[in-house]
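None of the values given here were measured: they were computed from a predicted structure.
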Amino acid sequence: MTEQESTAPSPARAGRREWTALGVLSLPAMLITLDNTVLHLAVPHLNASLNPSGLQLLWAVDIYSFLIASLLIIAGTLGDRVGRRRLLLIGAVGFGVASLLTAFSNSAEMLIVSRALLGIAGATLTPSSMSLIRNLFHDARQRTVALSVWITCFLVGGAIGPLVGGVMLEHFWWGSVFLLSVPAMVLLLILGPVLLPEYRDPRPGTIDFASMGLLVLSLLASVYGLKKLAVEGVAAVPALVLLAGLALGVLFVLRQRGLTHPLIDMALFRERTFSASLGSMGLALFVMSGSQFFIAQYLQMVVGLSPLEAGLASLPGSLGGVAGSLLAPVALRWMRASYVMTAGLAVAGAGFVVLAQAGADSGPATVMVALGLLNVGVSPTVVLGTDMMLNSAPPEKAGAVSAISDTSHELGLGLGIAVLGSVGGAVYRDQVSGELPAGLSEGAAASIKDSIGNAVDEISRLPEGLATAALDVAREAFTHSLVLVSVACGVLTLLTAFMTLGLRKVPALAGPGESEGAGESEGPGQPEQFGKADGASGELQEAGGRTTD
């Protein structure tokens, strides 16, 4: 150790002001995921009010996540230029306005456009808030705690979405669930300029607009083609769109390799720990969001619960998500992060086994148990996977890793709904088609086949005897699709568990209360590494706090 290193001053520790600012920055994290799940419970009311097709419903639910995922890295690049606090506040204005437009949408098309605007605004909030945490917390230990709190709020938002939605829907119209964001954004606009520091990259790289376009078009074209194929079967146009999206993705990757300032540094993916952690997080959120999309509809349309009752039935899942995210760092006292993640995914797999036992007449108990096991099991992979990603990358890449991590979160959430929703919808239509009772008009039969939401709405207008027979068929078909999706999710969870088990040789992360570098570590854990970054390069906000590199 050189004399300069030994006499370097310790990073300043955060005080009350910084921790209060963390609370302000946690608002966007919670609201972004809450807005992603709160719509699940509103689906029956939305169907009755706007009468969207099955494909329109899927777009309304998940275009939000896809646009966030597409634009996160772009927004991070923009934040380096205009200022991270300024971009956060601009995004807060946009998010509030888009929430109002979504709440008062009067057609399926307007809802999809409004949700898209929400996604664009939401993309500016996440990288700005995470990067500003690095500007606020210079002490490595405090920064780890702050990031854990931020990630927990991210998970909590998704977990409480159904419960909050249930309370709102019990007393107000379906659009009211989106008004929750408005006062929170107003609070952010009031406190942000007072509590949050401003940061701009003094040497930002050039913006490659071609890469931005390739990234967005690749993702949206691929998802559109996949959805159309799942809904309508094999057809030339959606297959070509899907292939075009994949080709654009390949072009994006090739372009990044030749750029001096790429949107995504492809060298990061050559690190096995980074890639495995990223894949594990994405798959864990994929199975969680896709299954919860079905569960919210099952509780209301098959079991027959009111929105509030369905929200209360999701409470074990909400509590499980919070417990899993908070207990994961504590478990590091006794085992490595890899084993904690693998054990959690085993619990989640057990949850899918329970969920696969659901029947059209089984009541909510089965789903409640499954939700609790699923969320408590998935949370450790998300929390510790983020830590392992940050630990695997050099300090100067910390900002880029944050943006990629956030993108993985949103892609996992969005793709879970898109892929599993499309597959489950196809299974539902196939089951219904051969079982509908005679006597239905062509229009009524088409509505019932389209989606369970349209089926319940259409059946409510049929004669009693015919309605009962048709509703039984629709409920059985939807339950069958839920069971098949549960089996598929269980298999994916098992494969993800093997992926996390392969990370067992990664240096152990320090648990709560341990000194930096303590424990069974074969090398520096995340806190020690970031502590070195502070001493080596001045301040982490200069080196690792960049949203893109």
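With sequence neighbours left out, the side-chain contact (heavy atoms from CB on, under 4.5 Å) criterion links Val340 to Ala328, Ala331, Leu332, Met335, Pro380, Leu384. Partners of Ile90 according to the side-chain contact (heavy atoms from CB on, under 4.5 Å) rule, which considers only residues two or more places apart in sequence or in another chain, are Arg86. Listed by chain and residue number, Asp208, Arg255 satisfy the side-chain contact (heavy atoms from CB on, under 4.5 Å) test with Ala210 (two or more places apart in sequence, or in another chain). Considering only residues two or more places apart in sequence or on other chains, Phe104 meets the ring-ring contact (aromatic ring centres under 6.0 Å, His included) condition with Trp173. Residues passing the side-chain contact (heavy atoms from CB on, under 4.5 Å) test with Phe269 are Ile264, Met266, Phe274, Ser275, Leu278, Ile404, sequence neighbours excluded.
Separation of atoms CG (Leu217) and CG (Leu251) is listed at 11.5 Å; rounding is to 0.5 Å. Atom CE of residue Met499 and atom OG1 of residue Thr493 lie 11.5 Å apart, to the nearest 0.5 angstrom. Atom OG1 in Thr500 sits 5.0 Å away from atom CG in Leu345 (nearest 0.5 Å). Remark: Ile295 CD1 to Gln300 CD distance equals 12.5 Å, nearest 0.5 Å. The line from CE of Met288 to CG of Leu283 is 12.5 Å long, rounded to the nearest 0.5 Å. Atom CG in Leu25 sits 11.5 Å away from atom CZ in Arg85 (nearest 0.5 Å).
For the pair Gly416 and Ser289, the tightest heavy-atom approach, listed with the atom from each and the gap, is CA-OG, 3.6 Å. When all heavy atoms of Leu420 and Gly290 are compared, the closest pair comes out as CD1-CA, 3.7 Å. For Leu188 against Ala92, the heavy-atom pair with the smallest separation is CD2-CB, 3.8 Å. The two residues Leu248 and Ser218 come nearest to each other via the heavy atoms CB-CB, 3.8 Å. Among all heavy-atom pairs drawn from Ser99 and Leu118, the shortest one is OG-CD2, 3.5 Å. Ala313 and Leu299 make their closest contact through CB-CD1, 4.0 Å (heavy atoms, listed as atom of the first residue, atom of the second, distance).
Using a distance-only test at 3.5 Å, with no hydrogens or angles considered, no donor-acceptor pair links the side chain of Ser379 to the main chain of Val376. A distance-only check finds no donor-acceptor pair linking the side chain of Thr496 to the backbone of Ala284 [under 3.5 Å]. Formation of a donor-acceptor pair under 3.5 Å by the Ser291 side chain with backbone atoms of Val287 is found in this model.
No side-chain heavy atom of Thr124 sits under 4.5 Å from any side-chain heavy atom of Phe95. A heavy-atom distance below 4.5 Å is not found between the side chains of Met212 and Phe252. Under the 4.5 Å side-chain criterion, counting only non-hydrogen atoms from C-beta, Met185 is not in contact with Val182. Residues Leu87 and Leu125 have side chains not in contact (no heavy-atom distance under 4.5 Å, counting atoms from C-beta outward). Side-chain contact check for Ile63 versus Ile112: some heavy-atom pair is nearer than 4.5 Å. The shortest distance between side-chain heavy atoms of Leu371 and Gln292 falls below 4.5 Å.
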Verdict with supporting geometry, Leu100 and Phe178, side chain to side chain contact (heavy atoms under 4.5 Å, CB included): CA-CA 7 Å; Leu100 289 171; Phe178 296 104; over 6 Å; no
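Screening residues 179-197 for side-chain hydrogen bond (donor to acceptor under 3.5 Å, both in side chains) gives Asp35-Ser181 as the qualifying pairs, with residues at least two apart or on separate chains.
Each of Leu189, Leu196, Val24 was checked for a side-chain contact (heavy atoms from CB on, under 4.5 Å) with Leu88, and the lone residue meeting it is Leu196.
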